[in-house]
Structure formats: structure tokens, C-alpha cells
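As C-alpha cells, the structure follows; a few thoughts come after it.
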Amino acid sequence: QVQLVESGGGLVQAGGSLRLSCAASGRTFSSYAMGWFRQAPGKEREFVAAISWSGGSTYYADSVKGRFTISRDNAKNTVYLQMNSLKPEDTAVYYCAARPSGSSGADWGPYWGQGTQVTVSS
């Protein structure tokens, strides 16, 4: 069982930065790949970024490449999403998710956080 708690969201002006954190419970954090997703009002949840269990591989949606950076600290059971050059279209609830290392494809889970709101004003 893994419980995920996001933090770090808030209101920021366009061009600003935020760093989201996702703290995981459990002793097997390092055996999970971690991902960040977001859902804007009236839209479906979309993939943002993912990182392998070791941190050696990272993946990004085209819309955030070059602006967002995902990282993890397995000693702290935490994954981060550094978001720079934020745009109003980045406004959404951001969720972290965990899936067993070695999983592939578009399906994520079974573990999800409760989400944290990010609002970017123009």
C-alpha cells in the first residue's frame, strides 16, 4: 500500500515558478515509477511527466518540455515537479501517481494522490 500526498500548489503569475512535492508512505517507494498528471476544469486528466524508479529516466509531455523538471529523492520518499515559465494554460489540479516499476503503457496507478491546485494568472 502506498499513500501519496501532494503539496506546493498555489497562485502564481505567468512566467513564475512553483515546485510541487509528492510525499509517499511505505518502504517500497523506490520500487515504483512516479508520474505527475493534471486536470483542468472541463478537460480530461492528462499526463505531465514521469520518472523511473531510479530517477535515471524521465518523460515529459510536449507541452511542458523545457519548462518542467521531474525528480525524486528515494531517501525522502518524495517526487518533485519543478515548474518554470508557467503559463495560464498550466492552470489545473496536479496529481501524482505511482505504478510498479516495469509497468508500461498509458495506464497509471493503482496509487493516486488527492491533488493540489495550481493557478497561473495572466
- Note on the structure: Here the gap from Tyr32 atom OH to Ser103 atom OG, rounded to the nearest 0.5 Å, amounts to 9.5 Å
- Hey, could you give me each pair passing disulfide bond (SG atoms under 2.5 Å apart) that has a residue in residues 51-87? Not counting sequence neighbours. none
- Message: If I take atom CG from residue Leu86 and atom OG from residue Ser121, how far apart are they, to the nearest 0.5 angstrom?
- Response: 10.0 Å
- Any chain of hydrophobic side-chain contacts (each under 4.5 Å) joining Val120 to Val48? yes
- OH of Tyr94 to OG1 of Thr116: how many Å apart, nearest 0.5 Å? 10.5 Å
- Heavy atoms of Gln114 and Leu4 approach each other most closely as OE1-O, 3.6 Å
- Query: Hey, does Arg45 have a side-chain heavy atom less than 4.5 Å from the side chain of Tyr95?
  - Reply: yes
- Message: Does anything in residues 38-80 form a disulfide bond (SG atoms under 2.5 Å apart)? List the pairs, not counting sequence neighbours.
- Response: none
- Item | Arg38 CZ to Glu89 CD distance, which is reported to the nearest 0.5 Å | 8.0 Å
- Task: Using atom types as modelled and distance alone, determine if a side-chain donor or acceptor of Asn77 lies under 3.5 Å from a backbone N or O of Ser30.
- Result: no
- Query: Does Arg99 reach the side chain of Tyr111, with side-chain heavy atoms less than 4.5 Å apart?
  - Reply: no
- Item | Linked, directly or transitively: Val93 and Trp112 (ILVMFWY side chains, under 4.5 Å) | yes
- Would a distance-only check, ignoring hydrogens and angles, find a side-chain to backbone donor-acceptor pair under 3.5 Å from Glu6 to Gly115? yes
- Message: Show the nearest heavy-atom pair for residues Met34 and Val79, with the distance to one decimal.
- Response: CE-CG1, 3.9 Å
- Task: Please say whether more than 12 non-hydrogen atoms of neighbouring residues, nucleotides or ligands are located less than 6.0 Å from CH2 in Trp108.
- Result: yes
- Pairwise side-chain contact, Tyr80 with Ser71, heavy-atom cut-off 4.5 Å (strictly under): yes
- Item | Electrostatic pair Asp90-Lys87, nearest N-O below 4.0 angstrom | no
- Item | Any donor-acceptor N/O pair, Glu46 side chain to Gln39 backbone, under 3.5 Å | no
- Note on the structure: Nearest heavy-atom contact between Thr91 and Gln117 is CG2-NE2, 4.0 Å
- Task: Please report the shortest heavy-atom distance between Phe37 and Ala97, naming the atom on each side.
- Result: CE1-CB, 4.1 Å
Name each donor-acceptor pair under 3.5 Å that joins a side chain in residues 8-24 to protein atoms two or more places apart or in another chain, with its distance.
from	atom 1	to	atom 2	distance (Å)
Ser17	OG	Asn84	OD1	2.9

- Hey, what do you get for CZ (Phe47) to OG (Ser63), rounding to the nearest 0.5 Å? 9.5 Å
- Item | Closest approach of Ile70 to Tyr60 (non-hydrogen atoms, all atoms of both residues) | N-OH, 2.9 Å
- Item | Minimum-distance pair of heavy atoms, taken over all atoms of Phe29 and Arg72 | O-NH2, 3.0 Å
